[in-house]
Number of protein chains: 2
Amino acid sequence: MKTQVIPNLSVDCVIFGFDGLELNVLLKERTLKDDKGNFIINDHTLTGHHVLKGETAEQAAQRILKDVTGFDNIFLNQFHTFSETDRLSSPKDQIWIKYLKQNTGLNIADHVISIAFYALVDTKKFRPDQQHQNVAWYPVKNIPELGFDHKRIMEKALESLRYHAKHEPIVFELLPEKFTLTELQNAIEAIFDIKLDKRNFRRKIQQVKYIIPLDEKQHGVAHKPANLFIFSWDVYERTKKEKLILPF
Amino acid sequence: MKTQVIPNLSVDCVIFGFDGLELNVLLKERTLKDDKGNFIINDHTLTGHHVLKGETAEQAAQRILKDVTGFDNIFLNQFHTFSETDRLSSPKDQIWIKYLKQNTGLNIADHVISIAFYALVDTKKFRPDQQHQNVAWYPVKNIPELGFDHKRIMEKALESLRYHAKHEPIVFELLPEKFTLTELQNAIEAIFDIKLDKRNFRRKIQQVKYIIPLDEKQHGVAHKPANLFIFSWDVYERTKKEKLILPF
DNA sequence: GCAAAAGTGTTCTCACTACACCCATGT
DNA sequence: ACATGGGTGTAGTGAGAACACTTTTGC
């Protein structure tokens, strides 16, 4: 029994990772050579796949993430659906689609609607190597050329991540379970591309009851070891209160 | 020549309207009677339609809004795509789908993915009457029973509207071009379901350069006529600056 | 002992809160 | 003249911004 795809529906995942210093995105190499070994295509794409029959978009996204990283239960957020009719129509993308059809039998429709998600992971948890389908981390500030409309998708993902990160404590999805305040500050600075004042930042964090200091310090660092903290979703849910923000 | 639909893709529009006092949603009646004239189905749905071949989701949404209200260029925001496999599987919805197939030839697939938009309009601009496909305004605070998964879609739309309204000056899409500060305050209060202090609100608005007082007052009101204001998207774009908001 | 990051306090400014009365118009 | 919403000021409080030095560890 063959699993059937819904031919005009796909899911693309923008996988963000934080390495303690920089915000990165996981990209897949896309290369195609002619008979003489010269590159016809040599760029990158997001990780994506078709939606299968009987599957929701969310399930498809989790499946893709599992395929790529080997992990379940990655934080995922659906942020936009791209339905432009010319999404796949650039000459390069057409060559690629033709190649896939000839070599893998995968049939990509003319007009594919893509439901896009972003995922947040701690880069240290997933270090891609050669088994990993030619994927690698690239810093958000220095993204290589992307195929299809993936540059657009990537930009919208970053915008949505920022939007979302202002309202809910999702930064912690980028950090290890136990983290230092400097790591937290770096993560926020990386997401928003800003610089914060260390003392003001720490004063603010002290007031937050769901960021809990542990009786535990860093080990093996060549400087004064930092205190470790954990984020408690439980305490967050119990103590959160909506603050009204007006756009002006 | 028949226009072709993409059978497994639809667009649903949550049309919000503001009447100066309350936030409303435009809903369509859905009724079906048996031979004896008893209601088999008597509830409401959002306005929606299939996506046509060669059309983007955004174009489909604009087309639906034009069909329903007669207006072009309505403010639209795509907020989520619903792909649950049981979206249309309740007994009532199945009866309705069967009825549509028999009576209109419209064939609705088992698994329809719906790209959902919300729209913002000034209620006074569009007052539905009997020509208008049995649509009517219902206050958001008192929504009748909805078919399919439209209650869920409606709730998510409201959540997204609130989210969005915190960051960008989209409230003005709900107001007439010239509005009073009380109307503006009422709109914000209706969106967020809160009460604001009049004096503090007005002090805040005074600082905002893109909400511009006119040399013009209300007419025909049985009280001191209010000053009228306009919103300038131009001034907004020129003067806006991102304020950093942390979720804690 | 030196390199490297951790950790810590004070002052100033400004935005948010709470609160009550007179004003201009239509009927 | 009266009903209706329009329009206004002040004092108190608290959060955010700017800013530099000492501490603790590994090597």
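To find a chain, count down the sequence lines: A is the first, B the second, and so on, and within it residues start at 1. These numbers come from a predicted model, not from an experiment.
Each of dT4(D), dT8(D), dA6(C) was ranked by its minimum atom distance to the side chain of H223(B); first place goes to dT4(D). Nearest nucleotide to the N200(A) side chain, out of dA6(C), dA17(D), dT8(D): dA17(D). In this structure, of dG7(C), dT25(D), dA18(C), it is dT25(D) that holds the atom nearest to the side chain of P225(A). Listed candidates were dC19(C), dA6(C), dT8(C). Nearest to the side chain of R199(A) is dT8(C). Among the nucleotides dG9(C), dT24(D), dG7(D), the one closest to any side-chain atom of K224(A) is dT24(D).
Put simply, K204(B) has a side-chain N or O that comes within less than 4.0 Å of OP1 or OP2 on dC16(C). Checking the phosphate oxygens (OP1, OP2) of dA5(C), no side-chain nitrogen or oxygen of T182(A) falls inside 4.0 Å.
In this entry the distance linking CZ of R203(A) with C1' of dA20(D) reads 14 Å, nearest Å. Atoms CG (L244(B)) and P (dG16(D)) sit 10 Å apart, rounded to a whole Å. In this structure, D197(A) atom CG and dT8(C) atom C1' are separated by 12 Å, rounded to whole Å. With rounding to whole Å, N186(B) atom CG is found 13 Å from dG6(D) atom C1'. Between R202(A) atom CZ and dA18(D) atom P the separation is 18 Å, expressed in whole Å. Rounded to whole Å, the distance from CD on Q207(B) to P on dA15(C) is 6 Å. For the pair K217(B) NZ and dG6(D) P, the computed distance is 12 Å after rounding to whole Å. In this structure, the CD atom of Q185(B) is 12 Å from the C1' atom of dG6(D), given to the nearest Å.
The residue from R152(B), R30(B), H44(B) that alone fulfils the side-chain contact (heavy atoms from CB on, under 4.5 Å) condition with L146(B) is H44(B).
Residue T180(B) is out of contact with every strand shown, counting any heavy-atom pair closer than 4.0 Å. In this structure, N227(B) reaches the sugar-phosphate backbone alone: every heavy-atom distance under 4.0 Å involves primed, P, OP1 or OP2 atoms, never a base.
The residue among Q206(A) and V221(B) whose nearest nucleotide of DNA chain C is located toward the 5' end is Q206(A).
Heavy-atom contacts from other residues, nucleotides or ligands closer than 6.0 Å to NZ of K151(B) number 12 or fewer.
In this structure, the ring of F179(A) has its center no less than 6.0 angstrom from the ring center of F231(A). Aromatic rings from F79(B) and H164(B) are positioned such that their centres are separated by 6.0 Å or more.
A salt bridge links D193(B) with K141(B); the closest basic N to acidic carboxylate O contact falls under 4.0 Å.
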